[in-house]
Amino acid sequence: MKEVMVDDNASKKYKRKSLYAFIAFFIMIGAAYGSWKWLNHQPLDGGLRGGIQQPLRNVLDANEKLFTSTFDRNKLIKEYPKSEAVKKVRVNGDAGLDTTFFDAKDWKLQIVKSNNDTLFITLDDIRALPKTEVTFNFKCIEGWNQVTNWGGVRFSDFAKHYGLAKEMDLKYVGMKTPDEEYYVGIDMPSILQPQTILCYEMNGSPLPMNQGFPLRLIIPVKYGVKHIKRIGTIFFNNEKPADYWAERGYDYYTGH
Ligand SMILES: Nc1nc2c(c(=O)[nH]1)N[C@H]1C(S)=C(S)[C@@H](COP(=O)(O)O)O[C@H]1N2
Ligand SMILES: [Mo]
């Protein structure tokens with residue numbers, strides 16, 4: 001009899017507990033729905049970055065601050081022997097690579113200086129500068145990676161050669177394809193990192209058309225999205241330049 005009483009009490013307690021759990025569950029569902037509704041009513045982040053709600057962009061911006069404050073310009077990305085570079089290099093992304101309006105013979109790299117003067121630089125001018133090679137594990141945010149070999153001039157050597165000291169004091173570099181279909185914005189410390197090159201060779205041969213002929217960026221501290229193929233114009237700014245994938249909701253910094 002006594003035992004039955006105890007059992008009865010226990011089952012009452014149990015019932016009450018499950019009732020509380022049930023209520024708590026609905027409160028949590030309500031809160032989650034509320035936050036989701038709140039998030040979806042937040043303004044999209046403005047202007048050039050676009051694509052996601054401001055609170056989410058704030059998280060990416062906080063990450064970026066953390067990364068830039070701890071970024072060591074002299075820390076090198078791992079390099080591999082050239083013999084380990086794949087011969088069949090994957091092709092990904094063709095925005096800005098339409099050859100209909102592109103004449104390789106007329107191509108010149110345009111450098112917009114901070115006083116708005118523009119330098120027009122030929123591929124031969126760029127080839128005449130000291131050549132650097134980098135063989136590293138190229139990573140795309142879509143989830144693939146491969147060891148690839150690239151040749152070109154260090155961005156920092158190029159900038160010194162063309163007297164871009166004032167420009168190097170700004171916070172960002174912007175680059176766009178000749179037709180302005182693809183464009184990236186990159187923080188200055190990453191651009192000046194010694195493995196970042198203005199690249200005109202892959203596996204010792206001129207770049208194939210679909211991999212950015214005549215000149216692309218290779219920037220091993222970043223994911224593939226920032227390795228813009230077929231650079232037309234380079235400019236410098238203290239504000240974040242427009243960035244193709246950041247406008248589509250991706251992280252602006254995309255370092256690894
Ligand atoms: N002009 C241009 N550059 C671009 C892209 C693009 O669509 N257009 N895609 C980027 C992405 S997402 C990746 S992963 C790399 C791929 O370079 P690959 O084709 O040489 O492998 O190029 C980057 N540069
Ligand atoms: Mo990519």
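Remember, it's 1-based here, ligands and their atoms both numbered in the order they're listed. Computed from heavy atoms alone, side chains included, the values below leave out hydrogens, waters and symmetry copies.
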Review point. Between K222 and H227, is there a donor-acceptor pair closer than 3.5 Å when you use the side chain of the first and the backbone of the second?
Key: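 Between the backbone of H227 and the side chain of K222 there is no qualifying donor-acceptor contact (under 3.5 Å).
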Review point. Where the side chain of Q53 meets the backbone of P55, is there a donor-acceptor pair that is under 3.5 Å apart?
Key: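 The answer is no, because no donor-acceptor pair under 3.5 Å joins these two groups.
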Practice item. Report the relative orientation of the aromatic rings in F138 and W144; use parallel for angles under 30°, tilted for 30 to 60°, perpendicular for over 60°. Key: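 Correct class here is parallel.
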Practice item. Tell me yes or no: between the side chains of Y183 and E247, is some donor less than 3.5 Å from an acceptor? Key: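 Yes, because at least one side-chain N or O of Y183 sits under 3.5 Å from a partner of the opposite role on E247.
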Point to revise | Short side-chain donor-acceptor distance under 3.5 Å, T122 and D124 | key: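 T122 and D124 do not have a side-chain donor-acceptor pair below 3.5 Å.
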Mind listing the N or O contacts between ligand 1 and protein, cut-off under 3.5 Å?
{"residue": "ligand 1", "atom": "1 (N)", "partner": "A95", "partner atom": "O", "Å": "2.8"}
{"residue": "ligand 1", "atom": "1 (N)", "partner": "K229", "partner atom": "O", "Å": "3.0"}
{"residue": "ligand 1", "atom": "3 (N)", "partner": "K229", "partner atom": "N", "Å": "2.9"}
{"residue": "ligand 1", "atom": "7 (O)", "partner": "D94", "partner atom": "N", "Å": "3.3"}
{"residue": "ligand 1", "atom": "7 (O)", "partner": "A95", "partner atom": "N", "Å": "3.2"}
{"residue": "ligand 1", "atom": "8 (N)", "partner": "A95", "partner atom": "O", "Å": "2.7"}
{"residue": "ligand 1", "atom": "17 (O)", "partner": "R216", "partner atom": "NH2", "Å": "3.2"}
{"residue": "ligand 1", "atom": "19 (O)", "partner": "N92", "partner atom": "N", "Å": "2.8"}
{"residue": "ligand 1", "atom": "19 (O)", "partner": "N92", "partner atom": "O", "Å": "3.4"}
{"residue": "ligand 1", "atom": "19 (O)", "partner": "K229", "partner atom": "NZ", "Å": "2.6"}
{"residue": "ligand 1", "atom": "20 (O)", "partner": "Q211", "partner atom": "NE2", "Å": "3.0"}
{"residue": "ligand 1", "atom": "20 (O)", "partner": "R216", "partner atom": "NH1", "Å": "2.7"}
{"residue": "ligand 1", "atom": "21 (O)", "partner": "R90", "partner atom": "O", "Å": "2.6"}
{"residue": "ligand 1", "atom": "24 (N)", "partner": "H227", "partner atom": "O", "Å": "3.0"}

Practice item. Could you point out which residue of W150, F158, F155 forms a side-chain contact (heavy atoms from CB on, under 4.5 Å) with I197? Key: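 Testing each of W150, F158, F155 against I197, the sole residue satisfying side-chain contact (heavy atoms from CB on, under 4.5 Å) is W150.
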